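Each remark here refers to the structure printed beneath this line.
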Amino acid sequence: EDQVTQSPEALRLQEGESSSLNCSYTVSGLRGLFWYRQDPGKGPEFLFTLYSAGEEKEKERLKATLTKKESFLHITAPKPEDSATYLCAVQARWQGAQKLVFGQGTRLTINP
Amino acid sequence: NAGVTQTPKFRVLKTGQSMTLLCAQDMNHEYMYWYRQDPGMGLRLIHYSVGEGTTAKGEVPDGYNVSRLKKQNFLLGLESAAPSQTSVYFCASNVGKYRSYEQYFGPGTRLTVT
């Protein structure tokens with residue numbers, strides 16, 4: 001069964017304190033791994049797509065990496081505006097089509 | 001571009017009432033999706049469409065119907081609302097081809113069924 005597990009569930013950091021969020025996945029034939037940011041009361045906002053092990057993508061203070069079993073979202077010198085829930089999802093085959101399988105997210109809080 | 005929009009933003013229904021949620025996208029995307037998001041459950045796929053005039057069931061389709069009469073619109077209907085359908089509903093769309101599988105989400109509709 002296709003599955004995505006994110007850890008930790010919640011993370012509290014001080015401004016400037018770098019850390020990483022983990023996304024472990026099991027899927028038959030990875031076609032893509034996606035990171036989203038979700039602010040309270042809003043829809044998920046697309047951040048990155050990773051397709052193959054070893055691939056890396058960067059955007060401002062965020063860098064996403066991918067191995068054959070997990071992905072990491074590294075946050076360097078975070079600011080309070082980086083506070084959000086970060087969702088990981090994998091593209092999976094489903095009934096002849098495709099679907100995204102989401103993890104439950106990591107709720108990140110950056111204290112000033 | 002407005003991206004993906006949803007109406008209404010909030011709604012309160014009584015058990016047994018019906019309603020329709022509207023999703024619109026202006027990105028000319030082929031694929032559209034309806035999800036629900038519940039605490040501790042993550043995002044779950046209700047129904048999806050791979051093109052105008054087509055719909056298919058997702059993981060949790062019971063109690064919902066959908067229609068895609070126009071490429072840019074995807075409607076989600078609740079025939080007889082139940083308290084278990086209290087949730088936040090998100091619509092999403094994507095190109096669906098050329099390795100562009102990332103989905104773009106709307107702002108959500110918060111539905112409460114009493």
Side-chain angles (χ1 to χ4, degrees), chain A residues 1-10 21 23-27 29-52 55 57 59 64 66 71 84-107, chain B residues 1-7 9-10 21 23-25 27 29-51 54-61 87-111:
Chain A
E1 182 184 351
D2 302 318
Q3 196 168 5
V4 176
T5 303
Q6 292 186 245
S7 61
E9 286 187 15
L21 313 182
C23 170
S24 298
Y25 64 90
T26 54
V27 63
L30 180 69
R31 295 192 164 204
L33 184 141
F34 308 90
W35 282 98
Y36 287 84
R37 169 190 171 128
Q38 186 173 23
D39 293 301
K42 296 191 176 181
E45 175 189 349
F46 170 70
L47 293 174
F48 304 111
T49 306
L50 301 167
Y51 289 109
S52 55
E55 191 174 359
K57 293 274 180 72
K59 180 180 180 179
L66 181 64
S71 177
T85 295
Y86 290 86
L87 302 173
C88 173
V90 295
Q91 185 83 15
R93 293 185 185 180
W94 193 73
Q95 295 186 354
Q98 307 285 330
K99 71 167 184 177
L100 289 186
V101 177
F102 282 88
Q104 296 194 17
T106 294
R107 189 172 63 255
Chain B
N1 284 355
V4 179
T5 57
Q6 293 180 232
T7 53
K9 287 185 168 51
F10 303 94
L21 283 66
C23 175
Q25 53 94 4
M27 297 174 283
H29 285 171
E30 288 293 335
Y31 289 21
M32 296 186 75
Y33 310 81
W34 276 107
Y35 291 89
R36 60 179 289 173
Q37 187 175 41
D38 302 291
M41 302 290 287
L43 281 154
R44 293 180 292 168
L45 182 64
I46 304 172
H47 284 283
Y48 65 98
S49 167
V50 299
T54 73
T55 63
K57 293 180 180 180
E59 301 168 275
V60 288
S87 186
V88 181
Y89 292 86
F90 290 102
C91 176
S93 70
N94 70 353
V95 174
K97 55 185 177 180
Y98 310 132
R99 267 193 126 193
S100 294
Y101 294 115
E102 61 269 14
Q103 295 180 17
Y104 296 89
F105 285 79
T109 295
R110 184 173 295 274
L111 175 66

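As a basis for the values below, the full set of heavy atoms in this structure was taken, side chains included, without hydrogen atoms, waters or symmetry mates. On a predicted model such as this, the values are computed, not experimentally measured, just so you know. Letters A, B, ... mirror the listed sequences (proteins, then strands); counts begin at 1.
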Heavy-atom distance under 4.5 Å to chain A: side chain of [X], backbone, both or neither?
X: B:Leu43; value: both
X: B:Lys9; value: neither
X: B:Glu59; value: both

Under 30°, 30 to 60°, or over 60°: which ring-plane class applies to B:Tyr35 and A:Phe102, parallel, tilted or perpendicular? perpendicular
Classify the ring geometry of B:His29 against B:Tyr104: parallel below 30°, tilted from 30° to 60°, perpendicular beyond 60°. tilted
Do the non-hydrogen side-chain atoms of [X] and [Y] ever get within less than 4.5 Å of each other?
X: A:Leu21; Y: A:Gln6; result: no
X: A:Arg37; Y: A:Asp39; result: yes
X: B:Asp38; Y: B:Arg44; result: yes

Which of B:Gly42, B:Pro107, B:Cys91, B:Gly108 touches chain A most, by non-hydrogen pairs under 4.5 Å: B:Pro107
Engaged part of A:Tyr36 at the chain B interface, taking heavy atoms whose separation is under 4.5 Å: side chain
Residue part contacting chain B, namely of A:Gln38, when any heavy atom lies under 4.5 Å: side chain
